[in-house]
S.K.: 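My questions all concern the structure below.
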Amino acid sequence: MRSFRKELWFQTGQRREYVNITHQVEECLRESGIAEGLCLVNPMHITASVFINDDEHGLHGDFERWLETLAPEKPHSQYAHNGYEDNADAHLKRQIMGREVVVAVTNGKLDLGTWEQIFYGEFDGKRRKRVLVKIIGE
Ligand code: ZN
């Protein structure tokens, strides 16, 4: 069995942002040379998500409004976690949107459904953060 590991770095311009990272993960897969196996992608941070969904602008706006309903950023004072930090809402949003994705690797390609795209979901951005890509197989 072969194993490949790479860290991707992101710095979003906004506090909350969705970045389509499908091509970067495909690039990792090419680099790995693995044809059959599994590809794990996860942020190495507790205020960001990696998830799979549609690359559709309206849907991303819906995510933003839905998450702001469930865990509004402000007022910061509503959260016990805030004080030294102001990112309690980001921890909660990440929890809902999930930590990681695992994608099957088949014939050297990510075995995604027609509309499936991999996203980095940032909820406390404007700083450099890492995403881990781990691919195992042969
Ligand atoms: Zn925090």
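Position 1 is the first residue of the sequence, and the numbers go up from there.
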S.K.: Any side-chain heavy-atom pair from E17 and F10 closer than 4.5 angstrom?
M.R.: no
S.K.: Where do T22 and I118 come nearest, in terms of heavy atoms and distance?
M.R.: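 Scanning both residues completely, I find the closest heavy atoms to be OG1-N, 2.8 Å.
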S.K.: Ion pair present between E68 and R65, side-chain N to carboxylate O less than 4.0 angstrom?
M.R.: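 No, E68 and R65 are not salt-bridged.
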S.K.: Indicate if I52 and I135 have the same hydrophobic cluster label, given that clusters are the connected sets of ILVMFWY residues with side-chain heavy-atom separations under 4.5 angstrom.
M.R.: yes
S.K.: Within a reach of under 6.0 Å around CD of E138, are more than 12 heavy atoms found that belong to other residues, nucleotides or ligands?
M.R.: no
S.K.: Is the shortest side-chain heavy-atom distance between H45 and R130 below 4.5 Å?
M.R.: yes
S.K.: Identify the two heavy atoms, one from E100 and one from N42, that lie closest to each other, and give their separation to 0.1 Å.
M.R.: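 E100 and N42 have their closest heavy atoms at CB-CB, 3.4 Å.
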S.K.: Is it true that, when you exclude W9 itself, more than 12 heavy atoms of the residues, nucleotides or ligands shown sit nearer than 6.0 Å to its CH2?
M.R.: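 Atom CH2 in W9 is crowded, with more than 12 foreign heavy atoms closer than 6.0 Å.
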S.K.: Give me the one residue out of R15, H76, R94 that meets side-chain hydrogen bond (donor to acceptor under 3.5 Å, both in side chains) with D89.
M.R.: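 Single pass found, and it is R15.
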S.K.: Parallel, tilted or perpendicular: which one describes the rings of F51 and F119, with boundaries at 30° and 60°?
M.R.: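 Correct class here is parallel.
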S.K.: Might you confirm whether atom CD of Q95 has over 12 heavy atoms from other residues, nucleotides or ligands at distances under 6.0 Å?
M.R.: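 At most 12 heavy atoms, drawn from other residues, nucleotides or ligands, come within 6.0 Å of this atom.
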S.K.: Side-chain contact, heavy-atom cut-off 4.5 Å: N107 with E36?
M.R.: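 When only atoms from C-beta onward are counted, E36 and N107 do touch, with a gap below 4.5 Å.
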S.K.: Thinking salt bridges, do K109 and E26 make one under a 4.0 Å N-O criterion?
M.R.: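 The answer is no: the pair does not qualify as a salt bridge.
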S.K.: Quick one: are L8 and C28 in side-chain contact, heavy atoms under 4.5 Å?
M.R.: yes
S.K.: Is the closest side-chain donor-acceptor distance between H81 and N87 under 3.5 Å?
M.R.: yes
